[in-house]
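One structure below.
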2 protein chains.
Amino acid sequence: MSSANSLTVDDLGSAAQRDRRKRILDATYELAREGGFDAVQMRAVADKAEVALGTLYRYFPSKIHLLVSALASEFERAEAAFRDKPIPGDTSSERVIFVLKKTTRGLQGDPHLTEALTRAFMFADASVANEIHSVGMLLSSMLTQAMHPGKTDLTDDDVAIARVIGDVWLSALVAWVTGRSTAAETGAHMENAVRLLLRD
Amino acid sequence: MSSANSLTVDDLGSAAQRDRRKRILDATYELAREGGFDAVQMRAVADKAEVALGTLYRYFPSKIHLLVSALASEFERAEAAFRDKPIPGDTSSERVIFVLKKTTRGLQGDPHLTEALTRAFMFADASVANEIHSVGMLLSSMLTQAMHPGKTDLTDDDVAIARVIGDVWLSALVAWVTGRSTAAETGAHMENAVRLLLRD
DNA sequence: GGACGAAGTGGAACGTGTTCCTATTATGAC
DNA sequence: GTCATAATAGGAACACGTTCCACTTCGTCC
């Protein structure tokens, strides 16, 4: 696995380059949606995005970087969607469960895509730290906002709870994408965890 | 990924076969300890175990099956070690933290081995369900025993809590083996989670 | 002890992630 | 406009997981 970083939008000077990057990510999504992790083959991505294989590797130094970057931009969309509208629910747990279920349902609507992104996330090593960190921050921010809408001075416990919920969510997702549990079990397990952590 | 199962000890008739299986797992451990996931190369395992590549694949239908089987037998050892001696600690949380820290320290003493086993576990798909299930049961049993030594009529909450702790442990482990968090952070995060879940 | 099927050997071959090299094209300084 | 440099194209080559095949050995039943 390479130690270089993926090229972000900000790294790219010209419009042509930003367009190449977008074509690559679009091709990745499409292949992932159709056939999951295994279908995202680097030659296929390059072909579909109409870039050379070497160029693909210049933009994303490995398949894992590529998929985790795709995951990160998916999360950016999700986080942005929650940021504006208030989250329904009277208690922390209701709001957190709302966010989890909504996000999870979104993912479960695209099982192959989710499988591809989750597998990549779990397989990522330290060289993907930047991309992983983005995802972690976004998830944590979504959860703490759901717990305490508008609150900025979060306690250590708030952050710890969000992190535990994030862990459970990830484990549940892995169990689901790898066919070890059903969507319903995933949901029930997450609700259980939230109930145990946020007793309000 | 193949859909067949790994051959367990019970599946194997002759002593020569059990010996082959053991040689394969020993070779796997040795390579994993030296160089982690990437160093466990199927040709290298076959060479070191002195079996043909085809035989290796007969015993373990993929690299993932092989490594998750190795993980399962590691957990069997750990679980057996806890089963006999009483677990020190006056409260549930103390005992659970003891078990987690002890197990984690054991794993952290062999970073490459742990990396190999954890990566495999996280990458496993439904075809590895049997092996995964063994690991899950052993982990859950260790945790519930630590929470309530000797108790047999566990409540749903007991089981749910054990599962959440297991999830956190796994996420922490993944973060550690992929170099995203230090051993100390891993420990602190697990303690936090236990404290939030078991308030006694 | 001979026959037969299962298990094992040795190794070629294939697919896909990754690397690398050369030729060509775009970009920017002057 | 010209040139130097970087970026891209196109594709060969390599590594390792996996599959497959022809052959040999082992265990078992008669």
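Just so we're clear, the structure is a prediction, and the values are computed from it rather than from any experiment. In what follows, chains carry the letters A, B, and so on, assigned in the order in which the sequence lines appear, proteins first and then strands, with residues in each chain numbered from 1.
Atom CG of D125(A) and atom P of dT18(C) are 11 Å apart (whole Å). Atom P of nucleotide dG17(D) and atom CZ of F37(B) are separated by 8 Å, given to the nearest angstrom. Computed from coordinates, the Y57(A) OH to dC20(C) C1' distance equals 13 Å when rounded to whole Å. To the nearest angstrom, P of dG8(C) lies 13 Å from CZ of R21(B). The interatomic distance linking M42(A) (CE) with dT18(C) (P) rounds to 6 Å, in whole Å. Atoms CZ (R43(B)) and C1' (dG11(C)) sit 10 Å apart, rounded to a whole Å. Rounded to whole Å, atom P of dT19(C) lies 16 Å from atom CZ of F60(A). Taking atom CD1 on I24(B) and atom P on dA7(C), their separation rounds to 14 Å, with Å as the unit.
Listed by chain and residue number, R23(B) satisfy the salt bridge (Lys or Arg N to Asp or Glu O under 4.0 Å) test with D19(B) (two or more places apart in sequence, or in another chain). Residues satisfying the salt bridge (Lys or Arg N to Asp or Glu O under 4.0 Å) test with K151(B), not counting sequence neighbours, are D158(B). For the side chain to side chain donor-acceptor pair (under 3.5 Å) test, no residue two or more places apart in sequence or in another chain qualifies with Q145(B). Scanning for salt bridge (Lys or Arg N to Asp or Glu O under 4.0 Å) contacts around R105(A) gives an empty result, with sequence neighbours left out.
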Under 3.5 Å, which N/O atoms of the protein pair with N/O atoms of nucleotides 5-11 of chain D?
from: dT8(D); atom 1: OP1; to: R20(A); atom 2: NH1; distance (Å): 2.9
from: dT8(D); atom 1: OP1; to: Y59(A); atom 2: OH; distance (Å): 2.7
from: dT8(D); atom 1: OP2; to: R58(A); atom 2: NE; distance (Å): 2.9
from: dA9(D); atom 1: OP2; to: A52(A); atom 2: N; distance (Å): 2.6
from: dA9(D); atom 1: OP2; to: T55(A); atom 2: OG1; distance (Å): 2.6

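Checked against the 6.0 Å centroid threshold, F75(A) and F121(A) do not count as a close aromatic pair.
Applying the 4.5 Å side-chain rule to ILVMFWY residues, one finds L154(A) in the same cluster as V159(A).
Among the atoms of the strands shown, none is found under 4.0 Å from any heavy atom of V45(B).
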